[in-house]
Amino acid sequence: MPGSQARSRARDRNDILNRPEFVSLNQPPRREHVVGEPRGGCGPRRPVRQQSQQEDATAARGSRDSSEGGAGGDGGVKEASRWPEQDCMQLNPSFRGIAISSLLAIDISLSKRLSVCVRSHGPGAPLRSMVTLLALSGHALPWLCGTLLCLWRSNTMAGQEVLVNLLLALILDVMTVAGMQKLFKRRGPWDFAPGFLDIVAMDTYSFPAAHASRAAMVSKFLLNHLVLAVPLRILLYLWALLVGMSRVLLGKHHLSDVGCGFALGFLHFNLVESVWLDSATCQTLISIGTLRWIPLL
């Protein structure tokens, strides 16, 4: 018997749970007193854990109801459950995402640095009037009205053919750029509200640049269908480039918007050249437009 007692004492000493730091693990959990429950233990008892879970659920339900009520009253408060998703940070971004974000940051920074004619008291204030006039020369309204006026005054079929195709190219450019701007909805570097002329021409967003697209298309169209001297051809190319840059100087577009606008203008020119309307078709369209068209019987 003494040997068995010695072995049991040795086994108790070697047991890890008998150490002082683990003594609390061997003790039964304390039961907290619940409000409304007799201390003697008589009557039905409610587990503390279940009660705490119910209190947490009640508090969560109340906070959710209050947040919904506050959102309905303020009209713009976001749900709390969406904040963690918006504030999370992507720890392993892809190389493509890093490159695109870096290029966009460089584009925005350079565009803001070049927009020196934004304010009337800035460093580019002396050039603001000239830059505004240069940008107006690439607006849609002067070109549409000028083409219609020239078409009304033209007496030759060859001239009317060129003017009708130019008018269709201008309409195609306005509609395509307006549709793409509505699709992308990119704001300018300074996020200015569009002016009256921009709203009339449906040029309300930044990407792509409508003035740059129109200037590239018109310059390429005139160079292809008019016989011009070399200095005039150089001036026409220079005009298209300055029209695109004027919108950057005024803070209306980014550099990338202007570049994509130039590419879109060349695309419009190639499209119009591929579906060029002949003289007979142009005469029919002119007759319909002037209400002098008599259908064949």
Side-chain angles (χ1 to χ4, degrees), residues 114-117 124 126-177 197-198 201 203 208-250 252-253 255-286 289-290:
L114 290 175
S115 56
V116 295
C117 299
L127 302 175
R128 181 179 173 86
S129 300
M130 185 177 64
V131 172
T132 304
L133 183 62
L134 186 61
L136 184 62
S137 67
H139 200 272
L141 290 181
W143 281 102
L144 289 173
C145 296
T147 304
L148 288 174
L149 180 61
C150 293
L151 185 60
W152 178 58
R153 298 294 301 271
S154 179
N155 296 322
T156 62
M157 296 182 63
Q160 291 175 355
E161 178 183 352
V162 174
L163 290 172
V164 167
N165 284 277
L166 177 59
L167 181 61
L168 294 178
L170 290 172
I171 295 174
L172 174 65
D173 180 79
V174 170
M175 300 304 294
T176 305
V177 172
L197 294 178
D198 294 333
D203 186 12
H211 290 65
S213 174
R214 193 172 304 110
M217 188 270 297
V218 169
S219 62
K220 189 65 177 176
F221 188 94
L222 296 179
L223 288 171
N224 195 40
H225 295 283
L226 296 180
V227 180
L228 300 175
V230 175
L232 291 179
R233 299 175 71 90
I234 295 175
L235 286 177
L236 201 54
Y237 275 121
L238 186 61
W239 168 80
L241 180 62
L242 290 178
V243 166
M245 289 303 301
S246 65
R247 299 291 286 178
V248 178
L249 295 176
L250 292 173
K252 299 291 186 178
H253 295 285
L255 288 173
S256 58
D257 304 333
V258 175
C260 292
F262 284 143
L264 189 61
F266 285 115
L267 180 62
H268 289 160
F269 167 75
N270 294 326
L271 181 60
V272 170
E273 290 293 322
S274 63
V275 294
W276 184 268
L277 301 181
D278 56 3
S279 180
T281 307
C282 292
Q283 292 301 318
T284 304
L285 293 177
I286 293 174
T290 55

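Within the 4.5 Å cutoff, the side chain of V272 has no heavy atoms near those of the L168 side chain. The shortest side-chain heavy-atom distance between L249 and R128 does not fall under the 4.5 Å cut-off. The side-chain heavy atoms of M217 and L267, taken from C-beta on, include no pair separated by under 4.5 Å. No side-chain heavy atom of L136 sits under 4.5 Å from any side-chain heavy atom of T132.
In this structure, K220 NZ and Y237 OH are separated by 4.0 Å, a value rounded to the nearest 0.5 Å. Going from atom CD of E161 over to atom CG of L285 covers 11.5 Å, rounded to the nearest 0.5 Å. In this structure, the separation between CG on D198 and CG on L141 is 9.5 Å, given to the nearest 0.5 Å. Interatomic distance, CD1 of I234 versus CG of L223, reported as 10.5 Å (0.5 Å rounding). Here the CG-CG distance, from N165 to L170, works out to 11.0 Å after rounding to the nearest 0.5 Å. In this structure, CG in L134 is found 12.5 Å from OG in S129, a value given to the nearest 0.5 Å.
Between the Q160 side chain and the Q283 main chain, no donor and acceptor come within less than 3.5 Å of each other. For S154 (side chain) and L151 (main-chain N/O), no donor-acceptor pair under 3.5 Å exists by modelled atom type.
In this model, a donor atom of one side chain and an acceptor atom of the other lie less than 3.5 Å apart for S137 and W239.
The minimum heavy-atom distance between G138 and V243, with the atom names listed, is CA-CG1, 4.0 Å. Closest of all the heavy-atom pairs between A140 and A201 is CB-CB, 4.1 Å. Pairing each heavy atom of S219 with each of L236, the nearest pair is O-CD2, 3.6 Å. M157 and S279 make their closest contact through CE-OG, 3.1 Å (heavy atoms, listed as atom of the first residue, atom of the second, distance). The shortest heavy-atom contact between A240 and A216 is CB-N, 4.4 Å.
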Evaluate the side-chain contact (heavy atoms from CB on, under 4.5 Å) criterion for residues L226 and F221: first the C-alpha distance (whole Å), next the side-chain angles of each, then the deciding distance (0.1 Å), finally the verdict. CA-CA 8 Å; L226 296 180; F221 188 94; over 6 Å; no
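Between D203 and R247, at least one side-chain nitrogen of the basic residue sits less than 4.0 Å from a carboxylate oxygen of the acidic one, meeting the salt-bridge criterion.
Under the 6.0 Å cut-off for aromatic ring centres, W276 and H225 qualify, their centroids lying closer than that.
Across V218, V258, V177, a single residue satisfies side-chain contact (heavy atoms from CB on, under 4.5 Å) together with S213, and that is V177. Screening L167, V275, L271 for a side-chain contact (heavy atoms from CB on, under 4.5 Å) with L172, the sole residue that qualifies is L271.
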